[in-house]
2 protein chains.
Amino acid sequence: MTGPAIRSWQAVQDEVRRRIARRVWKPGDYIPHEAELAREFGCARATVNRALRELAEEGLLDRRRKAGTRVALNPVRRARIDIQVIREEIEAKGAAFRHAVLVRELRAPPPDIRDRMGTGAGQAMLHLRTLYTADGAPYVHEDRWVNPEAVPAVLDETFSDISPNEWLVREVPFEGGDFTFSAMTSTPAEASVLSCAVGEGLFVLDRTTWSAGGVITSVRLVFHPGYRMQTEM
Amino acid sequence: MTGPAIRSWQAVQDEVRRRIARRVWKPGDYIPHEAELAREFGCARATVNRALRELAEEGLLDRRRKAGTRVALNPVRRARIDIQVIREEIEAKGAAFRHAVLVRELRAPPPDIRDRMGTGAGQAMLHLRTLYTADGAPYVHEDRWVNPEAVPAVLDETFSDISPNEWLVREVPFEGGDFTFSAMTSTPAEASVLSCAVGEGLFVLDRTTWSAGGVITSVRLVFHPGYRMQTEM
DNA sequence: CAGTGGTCTAGACCACCAG
DNA sequence: TGGTGGTCTAGACCACTGT
């Protein structure tokens, strides 16, 4: 232990980050093993472990049993994106939230939706198209398919008071999902719903969620022009 | 302890997830405190703590000292996006990677870039425009500004053998950054570089990174039409 | 096989904050 | 001010994997 003790896991993490940033430990280098760092810092190995484990999860370190810990060569940076309920996202900007259900029908989905949900060909789903507005301006257009086998109660809901987005988050527990971010060129139909020009670039989020009971819902959100999704690291 | 012991933190986490999914614990409910869960599961409190801490980080639980732990009402879902070096992203798809530097000049950046980087008006930066291709097809167009004060070595690099993206990741340690995902409509200039039609929706990633030494670089990546960024939860 | 990280434990003290 | 989560410790055993 050369300097003052570094006893909290955050202090350890900061110190390790600093050494990597200052090239004391260079990309590809092995760093001392946990027990040795614990001795140097004057703390328990568990403390070092927690600090290093999180750095490994961030992609800054590569850790392998027996081999040891090394500074990652090409660090994979992990951006975390918080996806909250649309109403809260809009209200957080200080705007007035409203939603309007444009389409509500029970029918068999097109093939691409069947693919994504992994459901049978003839199976009917609840199809909902909803426009969410911020201070009256179109914010996002939601095109959603809900599996009534996984969520029978959805058939009794009119979604006049609560949006499909919020109702599902509140009422239906889900265990997993996948997200795809992309861009699309606005079609005349999208342009009309979002009150924008045809041929504008629009930000798109596709999401499919499931639980133990099977696939719950598959949804495409098409955002208004200029929408940005931000995150920090 | 009613059933068999649940001794690993993952088993504890799974069990808690199950109880939330099955509505044993409903949104808004307080769940038993750590010590009680440890007794029920037959494990140490630290084990329960690790399981619950991660669930709280995911946004599934709300934890506060003294108040206790409750199931989140409107869970904020966190999608994690891995941002790797472009070369690796392309080679992971089994395609051949190449890059070509289109522009390399030292000059003062436009106001919007100055804003993002928080640098002075007259300060010159290295401006680089680079096209990355996969099997010869345009993949992403990178428009980058590098701060030579933070990275003096950048002025000696021609980027013929290694791309600006990879060089910076390898050579320059950075401590933080922010990301913005959005969509744009392809201008004639972008369309020409990316070999796509004018007016197509394109996926855009803006990133600014810094370290203790100050702002390092600000970059805009404009991806080819049809690009998707995926993640799972 | 042996060295390293991964995890668990029992206990302790501290920090925060709702009542 | 007491109850709860947040953290640290010293030690132990296990799991994986390079050699």
Side-chain angles (χ1 to χ4, degrees), chain A residues 1 3-17 19-20 25-73 75-76 78, chain B residues 1 3-17 19-20 25-73 75-76 78:
Chain A
M1 201 171 36
I6 293 177
R7 296 182 168 282
S8 78
W9 69 267
Q10 288 190 355
V12 171
Q13 204 173 70
D14 288 348
E15 176 61 21
V16 172
R17 276 189 208 279
R19 292 188 186 181
I20 293 173
W25 295 331
K26 304 183 186 69
D29 282 359
Y30 281 98
I31 75 174
H33 58 257
E34 293 187 347
E36 194 171 321
L37 287 175
R39 236 184 307 124
E40 180 192 340
F41 294 145
C43 65
R45 183 168 79 98
T47 305
V48 174
N49 180 274
R50 171 152 186 199
L52 298 189
R53 175 168 33 91
E54 296 200 348
L55 291 175
E57 280 167 11
E58 272 181 38
L60 206 58
L61 295 178
D62 273 338
R63 315 196 76 194
R64 299 165 83 178
R65 285 159 151 133
K66 167 72 177 178
T69 300
R70 60 160 88 192
V71 180
L73 261 181
V76 172
R78 281 209 180 117
Chain B
M1 204 177 24
I6 293 177
R7 295 181 169 281
S8 79
W9 69 267
Q10 288 191 354
V12 171
Q13 203 174 69
D14 288 348
E15 176 60 21
V16 172
R17 277 189 208 279
R19 291 188 187 181
I20 293 173
W25 295 332
K26 303 183 186 68
D29 282 0
Y30 281 98
I31 75 175
H33 58 257
E34 293 186 348
E36 192 171 322
L37 286 176
R39 239 184 304 122
E40 181 192 341
F41 293 145
C43 66
R45 183 166 81 94
T47 307
V48 174
N49 180 275
R50 171 152 186 199
L52 298 189
R53 176 169 32 92
E54 296 202 347
L55 291 174
E57 280 168 10
E58 273 181 36
L60 206 59
L61 295 177
D62 272 338
R63 318 196 74 194
R64 300 166 84 175
R65 284 157 151 135
K66 167 71 179 176
T69 300
R70 61 161 87 192
V71 181
L73 263 181
V76 172
R78 264 198 198 136

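We name chains A, B, ... by the order of the sequence lines, and we start the count at 1 in each one.
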Pairing residues for B:Q10 by the side-chain contact (heavy atoms from CB on, under 4.5 Å) criterion, not counting sequence neighbours: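 With sequence neighbours excluded, B:Q10 shows a side-chain contact (heavy atoms from CB on, under 4.5 Å) to B:S8, given in chain and number order.
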A:K26: side-chain contact (heavy atoms from CB on, under 4.5 Å) partners, not counting sequence neighbours: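 Expected list: A:R23, A:D29.
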CA sep, side-chain torsions, deciding dist, call: B:L37, B:V12, side chain to side chain contact (heavy atoms under 4.5 Å, CB included): CA-CA 9 Å; B:L37 286 176; B:V12 171; over 6 Å; no
Could you pull out the closest heavy-atom pair between [X] and [Y], with the gap in Å?
X	Y	answer
B:A72	B:G59	CB-O, 3.4 Å
A:Q13	A:A51	NE2-O, 3.2 Å
A:R7	A:G42	NH1-O, 2.9 Å

Distances under 3.5 Å between protein N/O atoms and the N/O atoms of nucleotides 16-19 of chain D, please, pair by pair.
{"residue": "D:dG18", "atom": "OP1", "partner": "A:R64", "partner atom": "NH2", "Å": "3.0"}

Salt bridge (Lys or Arg N to Asp or Glu O under 4.0 Å) against [X], all qualifying residues, sequence neighbours excluded:
X	result
B:R17	B:E58
B:E57	none
A:R70	none
B:R63	B:E34

Partner of B:T69 by side chain to side chain contact (heavy atoms under 4.5 Å, CB included), out of B:D62, B:L55, B:I31: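 Answer to the side chain to side chain contact (heavy atoms under 4.5 Å, CB included) test with B:T69 among B:D62, B:L55, B:I31: B:I31.
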Is there side-chain contact between [X] and [Y], with at least one heavy-atom pair below 4.5 Å?
X	Y	result
B:F41	B:E15	yes
B:W9	B:N49	no
B:V16	B:L60	no

Those residues of residues 29-38 of chain B lying under 4.0 Å from DNA chain C by at least one heavy atom: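 DNA chain C contact set from residues 29-38 of chain B: none.
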Stretch residues 44-61 of chain A: residues that reach within less than 4.0 Å of DNA chain C through a heavy atom: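 Within this stretch, A:R45, A:N49 sit under 4.0 Å of the strand.
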Where chain B begins and ends its contact with DNA chain C, read 5' to 3' at 4.0 Å from heavy atoms: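 From 5' to 3', the first and last contacting nucleotides are C:dT7 to C:dA18.
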Angle between terminal axes - the helix from C:dC1-D:dG18 to C:dA18-D:dT1, 5 pairs each end, rounded to 10°: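 Between the axes fitted at each end of the helix from C:dC1-D:dG18 to C:dA18-D:dT1 lies an angle of 10°.
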Stepwise side chain to side chain contact (heavy atoms under 4.5 Å, CB included) check, B:I6 with B:C43: CA-CA 7 Å; B:I6 293 177; B:C43 66; over 6 Å; no
